[in-house]
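For reference, the structure is listed below as structure tokens.
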Amino acid sequence: MFLTIGTTGTPERPATDLGFLLHKHPDKAQVFSTSHGSAHVFYPEASAERCTAALLLEVDPVALVRRGKGKGRGGAPDAALAQYVNDRPYAASSLLSVALAAVFKSALGGVCRALPERAGSPLPLRIEVPALPARGGAELVHKLFAPLGWERVDATAVPLDEEFPAWGDSRYVRLVLEGELRLADALRQLYVLLPVLDDAKHYWVAPDEVDKLLRAGEGWLADHPERPLITRRYLSHRWGLTRRADQALELVRLAEADDLDVDSLDNAVDESADTEEKPVPLAAQRRAAILDALRGAGASRVLDLGCGQGQLVQELLKDVRFTEIVGVDVSMRALTIASRRLKLDRMGERQAGRVTLRQGSLTYTDKRLTGYDAAVLSEVIEHLDLDRLPALEYAVFGAARPGTVLVTTPNVEYNVRWETLPAGHVRHGDHRFEWTRAEFRDWAGQVAERHGYTVRYAPVGPDDPEVGPPTQLAVFTRADTTPTTTKTEKKKEAEAA
Ligand code: SAH
């Protein structure tokens, strides 16, 4: 069983960084023993331009048969074992997926102390699995991988016997994936989808597999169009487990809809859903509050930091007072969706001249972000690990220093009012923290003081007398700007900065 992971690079960002991200040194060949044989990791190529890591799992058929006793799917061990003895040693299956998770555990978790930014950013990746058993064929392979941001999904059927083409194709495909994805996301997709394609797990599926699936599916599974098939097959058709996973994923999807794709949120989680009128989704209320604050500050050149799929940029474009709009996000996938939403390729020259979308991480200072009237961080800070927050604080308030900074974040106190959210859960799988009003004000107050800003707070959404509003907004104003400064003064300031 074999799989390769490759990337390309430049002298500044060498491809061999892959070794750091996988926690496996490119100069060494290593062997790990797994419950079903030995997993070898080595690098067929490792230069600054190109680097490829290979995972080879050498299955011990005897161990497999011994361990397999009584563990076949649906309690039919003999049928399952017969298959193991035939194809298991070379077909990429759940065995490879388990080895992948064991050998690249930290990489799967997105952990990389040496290069945290690289681990958090999309890389050009090429994954190849030469013999992938695919129940459902190339067509299903496409349906599973294409929605996940891969630019190329190539599944070529492997003939049953190359000498006898008339025998037709085997149930194996050669899979090649190419695209810009975070390594952790790519590995987690493979971890789930290899056994889904094989549709025959080598071990008995216990209830903790639901948690494993939810963890590995974070960020991509909840809104995957083939989600029912994925959960069903991953959980070996155990109906009770599948239902549990689906319910949990549905909650994640609704919460993600709130954060990323407002338009599909609508009634799902809004507490006023049972009133006659169609409620205004919270995300739309958030954008309205942001637009108000930007207008109040007299801003015309605006940064949307962590712009996601471009909904706010789209609103800003509708108002001609916003003459320059820059959307920045670390996710290529989000930016691609944003540019499609804005129809950037079909926009007139003048309109297009007002907007720029740019990939970048907010935890790095970027000279190009200086001199703007305002910056918006809408539902972004909670996506950063707490220990990366000071880096963002410095990049925005210390280095870019716009006249106004708007920060919104969930108010965790409000979570008890969301009926669909289980107690103690955050609203979105990727939220690293959610703050109370006091915690947010504590942070914002300190930031303002450290960087010479004043700060005021405003509620977004219904301001509950007990738990406050669902979203909290902080409006920072640089101490040497006043909200009444005229545009020309601002322009001069910007030029001077
Ligand atoms: N501002 C949008 C999207 C919020 S979701 C809205 O209000 O709807 C959070 C966004 O922050 C995601 O698009 C994510 O890719 C982005 N993000 C997270 N960490 C980032 C970082 N370090 N640098 C830039 N963007 C980041």
Side-chain angles (χ1 to χ4, degrees), residues 110 112 115-122 149 180-182 184-185 218-220 222-223 252-253 255-265 281-291 293-294 302-316 325-342 356-366 368-369 374-396 399-400 405-410 426-434 460-461 470-474:
C112 181
L115 296 170
E117 283 320 311
R118 290 283 260 163
S121 318
E180 299 235 342
L181 271 85
R182 290 195 310 188
D185 291 337
E218 213 180 280
W220 64 271
D223 62 355
V252 174
R253 193 186 66 78
E256 276 177 359
D258 170 35
D259 264 8
L260 296 174
D261 181 15
V262 192
D263 307 328
S264 67
L265 173 75
L282 179 59
Q285 296 185 48
R286 209 154 39 217
R287 286 196 297 271
I290 290 168
L291 284 165
L294 288 174
V302 179
L303 299 168
D304 184 6
L305 305 177
C307 63
Q309 304 182 359
Q311 290 96 334
L312 179 67
V313 172
Q314 190 172 34
E315 292 286 312
L316 289 165
I325 305 151
V326 179
V328 181
D329 205 285
V330 75
S331 155
M332 249 345 261
R333 179 163 174 241
L335 291 174
T336 308
I337 297 173
S339 80
R340 238 180 271 147
R341 173 190 303 275
L342 300 169
T356 313
L357 296 180
R358 187 182 291 161
Q359 197 207 355
S361 175
L362 301 170
T363 50
Y364 279 118
T365 59
D366 182 343
R368 295 173 304 176
L369 302 184
V376 179
L377 285 157
S378 164
E379 307 296 283
V380 172
I381 58 171
E382 65 275 9
H383 289 265
L384 271 83
D385 286 325
L386 271 174
D387 62 357
R388 300 299 294 157
L389 207 50
L392 172 136
E393 175 192 328
Y394 180 74
V396 175
V405 183
L406 308 179
V407 180
T408 78
T409 195
V426 293
R427 295 179 202 176
H428 184 293
D430 192 42
H431 285 182
R432 309 300 158 93
F433 61 86
E434 284 180 355
V460 179
T471 297
Q472 29 191 355
L473 166 67

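For ligands, and for the atoms within them, numbers begin at 1 and follow the listed sequence. What you see is a predicted model, and the numbers here were worked out from it, not measured in a lab.
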Drop me the distance from [X]'s [atom1] to [Y]'s [atom2], to the nearest 0.5 angstrom.
{"X": "T409", "Y": "H431", "atom1": "OG1", "atom2": "NE2", "result": "7.0 Å"}
{"X": "C307", "Y": "Q314", "atom1": "SG", "atom2": "CD", "result": "12.0 Å"}
{"X": "L303", "Y": "L406", "atom1": "CG", "atom2": "CG", "result": "11.0 Å"}
{"X": "D329", "Y": "L305", "atom1": "CG", "atom2": "CG", "result": "9.5 Å"}
{"X": "L316", "Y": "R287", "atom1": "CG", "atom2": "CZ", "result": "10.0 Å"}
{"X": "L312", "Y": "D304", "atom1": "CG", "atom2": "CG", "result": "4.5 Å"}

So for ligand 1, is [X] a polar contact partner (N or O within less than 3.5 Å, distance only)?
{"X": "V330", "answer": "yes"}
{"X": "G306", "answer": "yes"}
{"X": "L362", "answer": "yes"}
{"X": "D329", "answer": "yes"}
{"X": "S378", "answer": "yes"}

Review point. For ligand 1, is G120 a contact, meaning one of its heavy atoms is under 4.0 Å away?
Key: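 Contact check G120 vs ligand 1: negative.
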Residue [X] vicinity, atoms of ligand 1 by number, heavy atom under 4.0 Å:
{"X": "G360", "value": "23 (N), 24 (C)"}
{"X": "S331", "value": "15 (O)"}
{"X": "E379", "value": "4 (C), 5 (S), 9 (C)"}
{"X": "L384", "value": "19 (N)"}

Exercise for review: Verify whether one side chain among T471 and R286 offers a donor that lies under 3.5 Å from an acceptor in the other.
Suggested key: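 Their side chains do contain a donor-acceptor pair, which is all the 3.5 Å distance test asks for.
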